[in-house]
Amino acid sequence: MNYDRVYNFSAGPAMMPEPVLEEIRDEMMNYRGSGMCVMEMSHRSAVFQKIVDEAEADLRELMGIPDNYKVLFIQGGATLQFAAIPWNLMKNGKAVYIETGAWSKKAIAEAKKYGEVIVAASSKDKNYSYIPDCSDLDIPDDTDYVYICENETIHGVTWQKLPNTKGHVLVSDQSSMFLSKPCNVKDYGLIYAGVQKNVGPAGMSIVIIREDLIREDLDPKMPIYMRYDTHAKNGSMYNTPNCWDIYCCGKVFKYLKSIGGLEEMQRRNIEKAKILYDFLDSSKMFKGTVVPEVRSLMNVPFVTESAELDAEVVKATKAAGYDNLKGHKSVGGLRASIYNAMPKEGVEALVEFLKKFEAEHK
Ligand SMILES: *Cc1c(COP(=O)(O)O)cnc(C)c1O
């Protein structure tokens, strides 16, 4: 069916798979004979419990999440987790952070309010266009965790090899790469993601945490909603969860399973990103801003020779049905976010358009 939709290159909230949106549409007025929409449903009902249970089970299957990890659905975006992580995990009051772009920077600022933050490596010197060597970091013994942002949504860099934490707990912000490729959960103590980049609607984060990291001896002043033990003990339903988001994300998990899981998703993402990067590498007008080795498969920042021309491209692409290509206000230029739900055809069409634009503006 033709809905007159555009190719939406937004960094988030972003595209969702069309078959998922159609299923949601079909169940909108009456979810499977319940006589109501999931939006109207009690979170304590058996119908909804099944939705949550299936969502968790499907996510566990997709990622191969071991039994000693909890899956938590927590309201609020990834930004809430910037604070929740230090409050929950800092036992000795000390953590190592790696600064690779705008999002790790924000996490650092938030963690500093709670404890000691050691920035053990940074790529600030070259405007976050690379990932620093983290094979032999100076990590104090009493460090509670090592923190990375695994894909920097704004700067377009992604970790190819995880840092050597020297036995310390690894915490990763996977917001803009969650479910884009297989993940060895055992390598991490905590993985989290705001879901509006690569999964569902805005308003929720998924936290995957190793059970032994969930503490009860926390600062008594800590808000109950920020405590991981609150969510773990209550199956993410201490209070009303984001029911709608859990429902939509659950559909996306089933969709990913149906196409062949995360290995197939990764294959498609590599193929898709290559089309765009190959073009940028061959173009005289457009240039990628990230060193090739750590280019993100999800967020592709690029520039022309001037801010004026950048703006002209953004305008022309929007008029042609390629929306949200303006780079983040902090870095300028252009950025194409090509998450899981962006079809290969969308990237091919964009590249054709940019080629034509270049030919016409020599
Ligand atoms: C978008 C984003 C965030 C912030 O997410 P909110 O849900 O807006 O709080 C954090 N980290 C990364 C990597 C992001 O892409």
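Because the structure is a prediction, the values reported are computed rather than measured.
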Residues Ile208, Met63; criterion side-chain contact (heavy atoms from CB on, under 4.5 Å); working and verdict: CA-CA 11 Å; Ile208 301 167; Met63 292 182 75; 3.7 Å; yes

Sequence-distant partners of Phe253, ring-ring contact (aromatic ring centres under 6.0 Å, His included), two or more places apart: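 Per chain and number, Phe253 pairs via ring-ring contact (aromatic ring centres under 6.0 Å, His included) with no residue.
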
His361: partners by ring-ring contact (aromatic ring centres under 6.0 Å, His included), with sequence neighbours left out: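 Applying ring-ring contact (aromatic ring centres under 6.0 Å, His included) to His361 gives Phe357.
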
Check the hydrophobic clustering (I, L, V, M, F, W, Y; side-chain heavy atoms under 4.5 Å; chains of links allowed) and say if [X] and [Y] are grouped together.
{"X": "Ile148", "Y": "Leu190", "answer": "no"}
{"X": "Met342", "Y": "Tyr255", "answer": "no"}
{"X": "Ile74", "Y": "Ile209", "answer": "yes"}
{"X": "Ile259", "Y": "Val347", "answer": "no"}
{"X": "Leu170", "Y": "Met177", "answer": "no"}

Donor + acceptor pair across side chains of Asn299, Ser337 (<3.5 Å):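 Indeed, the side chains of Asn299 and Ser337 share at least one donor-acceptor pair under 3.5 Å.
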
No-hydrogen, no-angle side-chain donor-acceptor test under 3.5 Å, Asn127 and Ser129: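 No, no side-chain donor-acceptor pair sits under 3.5 Å.
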
Might you point out which heavy atoms bring [X] and [Y] nearest each other, and give the distance in Å?
{"X": "Trp159", "Y": "Cys134", "result": "CH2-SG, 3.6 Å"}
{"X": "Pro241", "Y": "Ser236", "result": "CB-O, 3.6 Å"}
{"X": "Ala14", "Y": "Tyr339", "result": "CB-CD1, 3.5 Å"}
{"X": "Tyr228", "Y": "Asn88", "result": "N-OD1, 3.0 Å"}
{"X": "Ala202", "Y": "Pro13", "result": "CB-CG, 4.1 Å"}
{"X": "Leu137", "Y": "Ala121", "result": "CD2-CB, 4.0 Å"}

Is the side chain of [X] donor-acceptor paired with the backbone N or O of [Y] at a distance under 3.5 Å, no angle test?
{"X": "Gln174", "Y": "Glu150", "value": "no"}
{"X": "Ser176", "Y": "Asn151", "value": "yes"}
{"X": "Asn269", "Y": "Leu297", "value": "no"}
{"X": "Ser205", "Y": "Gly76", "value": "yes"}
{"X": "Glu27", "Y": "Val38", "value": "no"}
{"X": "Asn92", "Y": "Lys94", "value": "no"}

Pairs satisfying salt bridge (charged side-chain N to carboxylate O under 4.0 Å, His left out), at least one member in [range], at least two apart:
{"range": "residues 44-55", "answer": "Lys50-Glu54, Glu54-Lys254"}
{"range": "residues 176-186", "answer": "none"}
{"range": "residues 65-93", "answer": "Lys70-Glu211"}

I'd like to check [X] versus [Y] (side-chain heavy atoms, cut-off strictly below 4.5 Å). Are they in contact?
{"X": "Ile206", "Y": "Phe73", "result": "yes"}
{"X": "Thr100", "Y": "Val294", "result": "no"}
{"X": "Glu22", "Y": "Arg25", "result": "yes"}
{"X": "Leu325", "Y": "Leu350", "result": "yes"}

To the closest 0.5 Å, what do you measure between [atom1] ([X]) and [atom2] ([Y])?
{"X": "Leu218", "Y": "Arg227", "atom1": "CG", "atom2": "CZ", "value": "4.5 Å"}
{"X": "Cys183", "Y": "Ile191", "atom1": "SG", "atom2": "CD1", "value": "3.5 Å"}
{"X": "Lys326", "Y": "Ser10", "atom1": "NZ", "atom2": "OG", "value": "13.0 Å"}
{"X": "Glu99", "Y": "Lys106", "atom1": "CD", "atom2": "NZ", "value": "13.5 Å"}

Side chain to side chain donor-acceptor pair (under 3.5 Å) contacts touching residues 346-359 (sequence neighbours left out):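 Residue pairs passing side chain to side chain donor-acceptor pair (under 3.5 Å), neighbours aside: Ser283-Glu358.
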
Pairs touching residues 214-223 that satisfy side chain to side chain donor-acceptor pair (under 3.5 Å), sequence neighbours left out: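 Residue pairs with at least one partner in residues 214-223: Arg215-Asp217.
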
Test log, rule side-chain contact (heavy atoms from CB on, under 4.5 Å), inputs Arg335 and Ile154: CA-CA 8 Å; Arg335 172 178 50 167; Ile154 293 174; 3.8 Å; yes

Which pairs with one or both residues in [range] pass ring pair (Phe, Tyr, Trp, His ring centres under 6.0 Å), sequence neighbours excluded?
{"range": "residues 112-132", "result": "Trp87-Tyr114, Tyr128-His155"}
{"range": "residues 15-35", "result": "Tyr31-Tyr247"}
{"range": "residues 178-201", "result": "none"}
{"range": "residues 311-337", "result": "Tyr322-Phe353"}

Is it true that atom [atom1] of [X] has more than 12 heavy atoms of other residues, nucleotides or ligands lying nearer than 6.0 Å?
{"X": "Lys274", "atom1": "NZ", "answer": "no"}
{"X": "Asp212", "atom1": "CG", "answer": "yes"}
{"X": "Glu263", "atom1": "CD", "answer": "no"}
{"X": "Lys257", "atom1": "NZ", "answer": "yes"}
{"X": "Tyr238", "atom1": "OH", "answer": "no"}

Listed partners of Arg60 passing side chain to side chain contact (heavy atoms under 4.5 Å, CB included), at least two apart: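 Checked Arg60 against side chain to side chain contact (heavy atoms under 4.5 Å, CB included); matches are Glu56, Ile65, Val71.
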
Working for side-chain hydrogen bond (donor to acceptor under 3.5 Å, both in side chains), residues Asp310 and Thr304: CA-CA 6 Å; Asp310 290 345; Thr304 67; 2.6 Å; yes

Pair Tyr225 + His231: ring centers closer than 6.0 Å: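 Ring-ring flag for Tyr225/His231: true, centres closer than 6.0 Å.
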
